[in-house]
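Presented below is the structure to which this report refers.
In what follows, chains are A, B, ... by sequence order, proteins preceding strands, each numbered from 1.
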Number of protein chains: 2
Amino acid sequence: MSTLRYALLAALHAGPLTGYEIVQRMRRPIGYYWTAQQSQIYPELARMTADGLIDHDVAAGPGPHDRKIHRLTAAGRAELAQWLVQPPQRRPPKDELVLKTYALAAADREAMRALYRAEAQKHRRRLDDYLAQQAQAEAQGHDDPANPKFGAYATLRMGVAAERTMLDWCEWLVLRLER
Amino acid sequence: MSTLRYALLAALHAGPLTGYEIVQRMRRPIGYYWTAQQSQIYPELARMTADGLIDHDVAAGPGPHDRKIHRLTAAGRAELAQWLVQPPQRRPPKDELVLKTYALAAADREAMRALYRAEAQKHRRRLDDYLAQQAQAEAQGHDDPANPKFGAYATLRMGVAAERTMLDWCEWLVLRLER
DNA sequence: CCCTGCTATGTCACTTCTGAAATAAACTAT
DNA sequence: ATAGTTTATTTCAGAAGTGACATAGCAGGG
């Protein structure tokens, strides 16, 4: 089973969603650490339905197709629970900025410094955004492990930590590249 | 041009290498933040040669094929320099452990706690390894921006920071999931 | 009334990436 | 001797992922 499948099972773990809603969630709460295009999601949902991991209610949709509200079956829930406790397979992170850094010596130093300054700003903005979301989640008690939204809160915390790490690293480079 | 192409140009920026040596480097110094299989690397090197970005000397190899020592051409070096200073395209990070965390509520709590404890240990080990490499690099003066190996040192520093972030996060979860 | 944007699903061509196998010389350890 | 590992390149089938397009109802602003 592909990781995409598990990502979709994970998306549905807290309640039924339409394919469209999953696409939206792949941008923010799950999307901090997983993404998929709708062109991947819709066919995969169909295959998972065929395999009995999910099923759906049908409702009249706005466009030419029916709205499908997907929900985990017992088999899907079992498959998810079993996968969750398995050690994750390490897929090495890919980051273009760090890759560029490796060959930094082959570019103009001042231009690279400007690049890190610009990236730092992007990370600062994203950090502020995540921090605001985190404060809101805490105000709603999501930081309690007994709360069903604790999982989403924990991934958000990872987002905050990762942004802070990137920001610090970019700022370190800006300082270090000073002539 | 695909990012793989730029990764290969970056790999060659400091001097000529064989395809095999690039495969090795994709595990450690570059590999902290970029990876590719040899089945991607060899055909891409051939295409890049056809496009005039790299060329190579030929030497007798151990196996049935000749050894090819690849080197950037002027065109390749120009292409690399131009790409380096361009803002990186954000490809969202994918991490199975964080994805699992999102659906944490669907699994047994003690089993999840054990998972984070095991992951914390992996990160602690990797952190120690990177830290040792970092100390060695500093002893050799790679932390000076004027040193040609400064780029590799900076990526290693990112590796250290990222491992520390993941370790802290895992330990936070172990504590938080205490009953 | 028209245009834009949002909801909602589905499809296609294409690129990228993974995993495995084939080949064979040279070196290392038993 | 011989067994196993490392060096080194090439190729292939298949899986995963990207980007763009098609369809169409409904809401809101100008």
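- Look at A:Y20 and you'll find a side-chain N or O under 4.0 angstrom from OP1 or OP2 of C:dT7.
- One interatomic measurement links the two molecules: CD of B:Q24 to C1' of D:dT5, which rounds to 13 Å at whole-angstrom precision.
- Distance, B:H56 NE2 to D:dA8 C1': 14 Å, rounded to whole Å.
- If you measure from atom OH of A:Y42 to atom C1' of C:dC12, you get 17 Å, rounded to the nearest angstrom.
- In the set C:dT7, D:dG19, D:dA8, D:dG19 carries the atom at the smallest distance from any side-chain atom of A:Q37.
- Judged by atom type and distance alone, A:Q40 does not reach the base of D:dT18 through any side-chain donor-acceptor pair under 3.5 Å.
- Taking the six-membered ring wherever Trp is involved, the centroid distance between the rings of A:Y130 and A:Y32 falls below 6.0 Å.
- D:dA24 atom C1' lies 15 Å from atom CZ of A:R67, rounded to whole Å.
- Judged by distance alone, the side chain of A:K68 and the main-chain N or O of A:T18 form no donor-acceptor pair under 3.5 Å.
- Atoms CG (A:L8) and P (C:dT9) sit 13 Å apart, rounded to a whole Å.
- When each of B:R91 and B:P64 is assigned the nucleotide of DNA chain C bearing its nearest heavy atom, the one mapping closer to the 5' terminus is B:R91.
- Rounded to whole Å, the distance from NE2 on B:H65 to P on C:dA25 is 12 Å.
- Side chain of A:K68, nearest nucleotide from D:dA16, C:dG10, D:dA8: C:dG10.
- Note on B:Q38: a base of the nucleic acid sits closer than 4.0 angstrom, heavy atoms only.
- Donor-acceptor pairing under 3.5 Å, judged by distance alone, is present between the side chain of A:S39 and the base of D:dG19.
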